[in-house]
Amino acid sequence: MMITTIGGINTLDKVIMMGDRVLIRPQESNGVTRSGLFLPPTVQEKEEILKGYVIKTGPGFPIPAVQEDEPWKDSDQVRYIPLQVKEGDQALFLKRNGIEVEVDHEKYIIIPQSSILMIVREDW
């Protein structure tokens with residue numbers, strides 16, 4: 001997987017996610033199995049399912065514009081179906097659908113919401 005680097009002062013504040021895309025900060029695994037065996041980095045990188053925290057989300061799925069009775073009026077306001085995930089959620093997701101990026105020397109993964117298998121939300 002290729003890592004794209006984006007840098008600058010407070011770059012993460014300027015990042016805007018598009019559509020149903022989600023920016024996740026992956027959690028570092030400790031590389032130890034339940035039985036106590038240490039896994040080499042090559043095995044850890046091939047893991048299909050990862051977990052991490054949702055940092056930013058896109059606006060959601062765009063809704064097609066409804067044709068009104070007066071088609072000559074400009075209707076530039078785009079409406080969206082919001083995403084289920086929210087910033088701060090812990091997510092379990094499929095790595096194979098992700099794109100790794102580095103923002104301000106920290107690694108993140110961009111995935112579509114459909115790659116998220118489960119979330120844990122603390123504020124229920």
Got more than 12 heavy atoms from elsewhere within 6.0 Å of CD, Q84? no
Consider only side-chain heavy atoms of I, L, V, M, F, W and Y, link residues closer than 4.5 Å, and tell whether Y53 and V22 are in one cluster. no
Residues P59 and M17: closest non-hydrogen pair is CD-O, 3.5 Å
Notebook entry, point to check: Strictly by modelled atom types, are Q90 and Q27 linked by a side-chain donor-acceptor pair under 3.5 Å?
Noted result: yes
Take L83 and D20 through the test side-chain contact (heavy atoms from CB on, under 4.5 Å) and record every step on the way to the result.
CA-CA 7 Å; L83 301 179; D20 72 329; 3.8 Å; yes
Minimum side-chain heavy-atom gap P62-R79 below 4.5 Å: no
How about NZ on K56, more than 12 heavy atoms from neighbouring residues, nucleotides or ligands closer than 6.0 Å, or not? yes
Taken to the nearest 0.5 Å, the spacing of K51 NZ from L92 CG works out to 8.5 Å
Would R25 and E106 pass as an ion pair if we require N to O under 4.0 Å?
yes
- Task: Before giving the answer on side-chain contact (heavy atoms from CB on, under 4.5 Å), spell out for I116 and V85 the whole-Å C-alpha distance, their side-chain angles and the decisive distance to 0.1 Å.
- Result: CA-CA 9 Å; I116 297 177; V85 297; 3.6 Å; yes
For T57 and E87, the nearest pair of non-hydrogen atoms, with its separation, is N-OE2, 4.2 Å
| query | Is there side-chain contact between V120 and D89, with at least one heavy-atom pair below 4.5 Å? | reply | no
inquiry  = Apply side-chain contact (heavy atoms from CB on, under 4.5 Å) to residues I110 and V101 and explain how you reach the verdict.
reply    = CA-CA 7 Å; I110 298 172; V101 294; 3.9 Å; yes
Q.
Check E48 with R96, please: is the shortest side-chain N to carboxylate O separation under 4.0 Å?
A. yes
- Query: Would I63 and Y80 count as a side-chain contact (heavy atoms from CB on, under 4.5 Å) if you check the C-alpha gap in whole Å, the side-chain angles of each, and the deciding distance to 0.1 Å?
  - Reply: CA-CA 5 Å; I63 299 172; Y80 294 93; 5.8 Å; no
message: Using side-chain heavy atoms (C-beta onward) and a distance below 4.5 Å, is F93 in contact with L117?
response: no
Value for OG (S115) from CD1 (I109), rounded to nearest 0.5 Å, stands at 10.5 Å
**Asked** Looking only at atom types and distance, does a side-chain atom of N97 sit under 3.5 Å from a main-chain N or O of L94, one as donor and one as acceptor?
**Response** no
